[in-house]
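Nothing here was measured: the structure is a model prediction, and the numbers come from that model.
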Amino acid sequence: MTQDRPVFGIVLMLGFCVLAPLGDAMAKLLGETTPVAMLVFVRFAVQAMVLIPLVALTGRHWRMRGRVLRLTAIRTILHILGISAMFSALQYLPLADAVAIAFVMPFIMLLLGRYVLGEEVGLRRLVACAVGFAGTLMVIQPSFIQVGAAALLPLVVAIVFALFMLVTRQIAKEADPITLQAVSGAMATIIMLPVLIAGTATEVWHLSLVVPTEGTHFLFLAIGLLGTVAHLFMTWSLRYAPSATLAPMQYLEIPVATLFGWLVFSDLPNGMAAIGITITVLAGLYVILRERASARSAPTEKPA
C-alpha cells in the first residue's frame, strides 16, 4: 500500500490517540477489583480471537520460523511486561500522569539507538532528551511523594516499549503486521494461562483468575478490542501517511488521556505535573522535527 492518502492516515492515527487512552481508562476501572495478570490475559486473548480468524480469512501467511519466530517471542514477552507495568501504574497514578511519563519512550529509543545500535545522534537532540527527562521528573515528583516507587512504573513501561520497538524494527519488513499481532496474541495467551493457574493455586491475588463482577463483562471485552483496534489503526496509518507526519500526532494521546481522566475519575494533573507534561511534549516534538530534518539532509549533512 502506497503512502498516497495522508488525510486517511491522519484520521487513523487520531483514532489510535482516542482508543488507546480509552482502553487504559477501562483497565484503570477494572483494576480496582481485578488482578493485573487477568487483565493482561484478557487483553491478549481477545487480540488472538479477533486477529487469528482475520489472518485465515484474508489468506495471509502466518507461519514463522527461525530468527523471526525467536524475535517474535521476545517481542511478545516485552509486550506482556509493558502492558502489565502500565495496568499496574494506572492503579496508583492519574491516567494523564501515567501516559505522560510513559512518553519518555522516544528519548529512550534515541539513546538506545546511539549507544546500542551505534546510530549517529547530534548534540541538540541529546539536549532535548535531557530536557524531556527533566519534564518527566516534574510529572513523577508529586506522584512519587504520594505513592512512592509505584510512580516509577510508567518509566518501566517506557523502557520496555522502547526495547519492544527496537525488536519490532528488526522484523517489520519480514512479517505482515496483522499476522505478527495475531501470533503475538496467541503466544501471550499461552504464556499467561499457566501464570494465572499457578497464581490462583497459590492464592497470589495479582496473578489470580477471578470471576468478573456483574456488569463488567463488556469492559473486559472492550479492553481487548480497544487495544487490538488501536494498534491496528496505528499500523495502518503508516501505510497511508509518512511517519514524519504522524509521529507528532501521537502526543495528542496525552490531552485525550487528560480528558478521560477528568471525565471518568475526576483527575487532573497538578501545576507541576502540567508544566512537566508540557516540557516533555515540546522536547519530544523537537526531537521528531530534528529527526525529520536529519532524514531530509542525509547523507550530505550530519544530524544535529
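- M165 and I74 fall within the same hydrophobic cluster, defined by Ile, Leu, Val, Met, Phe, Trp and Tyr side-chain heavy atoms under 4.5 Å apart, directly or through other members.
- Across all their heavy atoms, T34 and V210 have their closest contact at CG2-CG2, 4.3 Å.
- Side chains of V229 and L232 form no contact here, defined as non-hydrogen atoms less than 4.5 Å apart.
- For the residue pair A150 and L93, the shortest heavy atom distance occurs at O-CD1, 4.4 Å.
- Closest heavy-atom contact between G135 and T280: C-OG1, 3.3 Å.
- In this structure, CD1 on I171 lies 4.5 Å from CG on L180, to the nearest 0.5 angstrom.
- Rounded to the nearest 0.5 angstrom, I52 CD1 and Q47 CD are separated by 9.5 Å.
- Using the six-membered ring where Trp is involved, F161 and F164 have ring planes that are perpendicular, over 60° apart on the 30 and 60° scheme.
- Side-chain atoms of V156 and M86, non-hydrogen and from C-beta on, never get closer than 4.5 Å to each other.
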Please step through side-chain contact (heavy atoms from CB on, under 4.5 Å) for the pair R67 and Q170, ending with a clear verdict. CA-CA 10 Å; R67 170 181 169 277; Q170 301 301 310; 3.8 Å; yes

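- Atom-to-atom distance recorded for L282:CG and I279:CD1 is 8.0 Å, nearest 0.5 angstrom.
- Taking CG from L19 and CG from L14, the interatomic distance works out to 10.5 Å, rounded to the nearest 0.5 Å.
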Set out, in order, the CA-CA distance, both residues' side-chain angles and the distance that settles side-chain contact (heavy atoms from CB on, under 4.5 Å) for L95 and D267, then state yes or no. CA-CA 8 Å; L95 180 60; D267 285 336; over 6 Å; no

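- Contact annotation: the side chain of L69 approaches that of M187 to within less than 4.5 Å [non-hydrogen atoms, C-beta and beyond].
- For the pair L30 and V42, the minimum side-chain heavy-atom distance is 4.5 Å or more.
- Looking at every heavy atom in both residues, Q91 comes nearest to E32 through OE1-N, 3.4 Å.
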Carefully, step by step, assess I223 and F87 under the rule side-chain contact (heavy atoms from CB on, under 4.5 Å). CA-CA 11 Å; I223 285 176; F87 285 179; 4.2 Å; yes

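- For F220, the CZ atom is densely surrounded, since the number of other residues' heavy atoms within 6.0 Å is greater than 12.
- Hydrophobic cluster membership differs between L207 and I190, with clusters built from Ile, Leu, Val, Met, Phe, Trp and Tyr side chains linked at under 4.5 angstrom.
- I10 and L12 fall within the same hydrophobic cluster, defined by Ile, Leu, Val, Met, Phe, Trp and Tyr side-chain heavy atoms under 4.5 Å apart, directly or through other members.
- Looking at H79 and F44, their side chains come closer than 4.5 Å, going by heavy atoms from C-beta outward.
- Residues that satisfy the side-chain contact (heavy atoms from CB on, under 4.5 Å) test with L221, not counting sequence neighbours, are V46, L225.
- The main-chain N or O of L209 is found under 3.5 Å from a side-chain atom of T200 such that the two form a donor-acceptor pair.
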Would you sort out whether K28 and V264 count as a side-chain contact (heavy atoms from CB on, under 4.5 Å), showing the intermediate values? CA-CA 10 Å; K28 183 174 176 66; V264 180; over 6 Å; no

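- Across all non-hydrogen atoms, the minimal contact from T189 to A48 is OG1-CB, 4.3 Å.
- Remark: D97 CG to L90 CG distance equals 10.5 Å, nearest 0.5 Å.
- Closest non-hydrogen pair, T179 versus D176, comes out as N-OD2, 3.0 Å.
- The structure places CD1 of I178 at 3.5 Å from CZ of R60, a figure rounded to the nearest 0.5 Å.
- Without hydrogens or angle criteria, S184 side chain to Q181 main chain gives no donor-acceptor distance under 3.5 Å.
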